[in-house]
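In what follows, a structure is listed as structure tokens, so that the remarks can point back to it.
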Amino acid sequence: MHTDLVAALDIGGTKIAGALVDGDGSLLVRAQRPTPAREGAEAVMGSVDEVLGELMASPLWDRAGSVGIGSAGPVDAAAGTVSPVNVPGWRDFPLVERVHKTAGGLSVALVGDGVAMTAAEHWLGAARGYDNALCLVVSTGVGGGLVLGGTPRPGPSGNAGHIGHISVDLDGDPCPCGARGCVEGIASGPNIARRALENGWRPGPDGDATAAAVAVSARAGDPVAIASYERAAQALAAGIAATATLADLDIAVVGGGVAGAGDVLFVPLRRSLREYATLSYLRRLTVAPAVMGTDAGLVGAAAAAIALR
Ligand SMILES: [Zn+2]
């Protein structure tokens, strides 16, 4: 049997998506279920099995040669387990073994969602053609992944590039991870909104108090909203500069909901990066918005499975 397709799974706190993906990164068959994140381990696995079952019912399933999984982290790629922060029922859950069983014994590759997004942007998106890249997902949290020497580098545990928990403020606020002054504590969407509210910004009549609403105010010239995005940009720039200084990068690609703020984020981000990334070999470092959108997780999971073959 000619196995030119891979089955991809993208597992997040709100939805579990699946697809059969071809060698060009096209999604041929799709399936999706909500994640029963507040239920027990078997209920969540039941939804994964339903998504896989829908893919397996496709006449194209016979062409699937392996399975790639991108999951909310942390993941343990070596052990084949996941412990997603926002799926409390799954702690050290043996996802690789379970998917292997459901999928009729196909080999299974597991990476974190930041690594998956990075693989997708490098394969078909904004980091395509760049051998040394950091890709960031800035949304409820801040994650990321690394491409070095032309290859995505997830590291032995599958979490390399997790820039959200680099400290950029030595005596900063405690972070839920246990450290202080992490990038995520300053630059994530909820923290952009929190800081704006603390400094006197108020939502409009619709009551929307998200980072997206703060971005709307910033575009309209609200100085508190602008300052909150500038602070987030500064934290991201410091984290990107540290990573680029260590790893000699060509490009940083920024995606996730917060990147949807556009110039409100990217103008101060590029300005701050010039302040922190100062050495001669960093002058070539560019910053670009991600382009793969909501399919990045599936395309990146497929890339991980293709790398396994
Ligand atoms: Zn942290």
Side-chain angles (χ1 to χ4, degrees), residues 114 117-118 121 125-130 132-145 161 163-164 166 168-169 172 181-204 208-245 249-294 296:
M117 174 270 194
T118 298
E121 292 292 338
R128 187 177 191 172
Y130 291 91
N132 304 285
L134 169 69
C135 298
L136 298 83
V137 186
V138 187
S139 77
T140 312
V142 177
I163 187 171
I166 286 181
V168 290
D169 185 2
C182 291
V183 170
E184 182 171 295
I186 301 170
S188 74
N191 282 302
I192 289 171
R194 176 188 55 78
R195 187 172 44 251
L197 284 164
E198 283 173 5
N199 290 302
W201 173 80
R202 290 293 171 264
D208 183 357
T210 63
V214 178
V216 170
S217 294
R219 261 192 295 279
D222 181 310
V224 172
I226 290 170
S228 191
Y229 268 92
E230 284 178 341
R231 183 71 176 155
Q234 202 180 4
L236 292 170
I240 292 168
T243 310
T245 304
L249 300 179
D250 305 310
I251 189 169
V253 173
V254 185
V258 169
D263 283 351
V264 168
L265 179 72
F266 282 91
V267 169
L269 176 55
R270 292 193 172 100
R271 190 172 59 228
S272 285
L273 205 49
R274 282 195 297 275
E275 288 172 25
Y276 293 119
T278 54
L279 299 179
S280 59
Y281 65 91
L282 299 176
R283 281 187 203 127
R284 74 181 193 282
L285 178 67
T286 57
V287 174
V291 300
M292 295 297 291
T294 51

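As a basis for the values below, the full set of heavy atoms in this structure was taken, side chains included, without hydrogen atoms, waters or symmetry mates. Count residues from 1 along the sequence.
Taking Thr286 as the reference, nothing meets the side-chain hydrogen bond (donor to acceptor under 3.5 Å, both in side chains) condition, with sequence neighbours excluded. Partners of Tyr276 by side-chain hydrogen bond (donor to acceptor under 3.5 Å, both in side chains), not counting sequence neighbours, listed by chain and number: Gln234. Residues passing the salt bridge (charged side-chain N to carboxylate O under 4.0 Å, His left out) test with Asp169 are Arg231, sequence neighbours excluded. With sequence neighbours left out, the side-chain contact (heavy atoms from CB on, under 4.5 Å) criterion links Pro223 to no other residue. For Arg202, the side-chain hydrogen bond (donor to acceptor under 3.5 Å, both in side chains) criterion is met by no residue, not counting sequence neighbours. Partners of Val216 by side-chain contact (heavy atoms from CB on, under 4.5 Å), not counting sequence neighbours, listed by chain and number: Arg219. When the side-chain contact (heavy atoms from CB on, under 4.5 Å) test is applied to Ser217, the partners found at least two apart in sequence or on another chain are Trp201, Asp222, Ala225. For Asn199, the side-chain contact (heavy atoms from CB on, under 4.5 Å) partners two or more places apart in sequence, or in a different chain, are Arg195, Val224.
Partner Leu136 forms a side-chain contact (heavy atoms from CB on, under 4.5 Å) with one of Val183, Leu236, Val253, Thr243 and no other, that one being Leu236.
Counting all heavy atoms, side chain and backbone alike, Arg194 lies closest to Gly185 at NH2-O, 3.5 Å. Heavy atoms only, all atoms of each residue included: Val138 and Ala187 are closest at CG1-O, 3.4 Å. Heavy atoms only, all atoms of each residue included: Val214 and Ala193 are closest at CG2-CA, 4.0 Å. Of all heavy-atom pairs spanning Leu265 and Val254, the tightest one is CD2-CG1, 4.4 Å. When all heavy atoms of Gly114 and Val137 are compared, the closest pair comes out as CA-CG2, 4.5 Å. Across all non-hydrogen atoms, the minimal contact from Ala290 to Glu121 is CB-OE2, 3.3 Å.
For residues 252-277, the set of pairs meeting the salt bridge (charged side-chain N to carboxylate O under 4.0 Å, His left out) definition, not counting sequence neighbours, comprises Glu230-Arg271. Among residue pairs with one or both ends in residues 282-291, those qualifying as salt bridge (charged side-chain N to carboxylate O under 4.0 Å, His left out) are Asp248-Arg284, Asp250-Arg284; sequence neighbours excluded.
Ile186 contributes atom CD1, which lies 10.5 Å from atom OG of Ser228 (distance to the nearest 0.5 angstrom). Interatomic distance, CD1 of Ile240 versus CD1 of Ile163, reported as 5.5 Å (0.5 Å rounding). In this structure, OG1 in Thr278 is found 10.0 Å from CG in Leu273, a value given to the nearest 0.5 Å.
Panel note: side chain Glu184, backbone Gly141; no donor-acceptor pair is recorded below 3.5 Å. Between the side chain of Ser139 and the main chain of Gly257, no donor-acceptor pair closer than 3.5 Å is present.
Residues Thr140 and Ser188 fail the side-chain proximity criterion, which asks for heavy atoms closer than 4.5 Å.
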**Report entry** side chain to side chain contact (heavy atoms under 4.5 Å, CB included) between Tyr229 and Val258, worked out
**Finding:** CA-CA 9 Å; Tyr229 268 92; Val258 169; 4.2 Å; yes

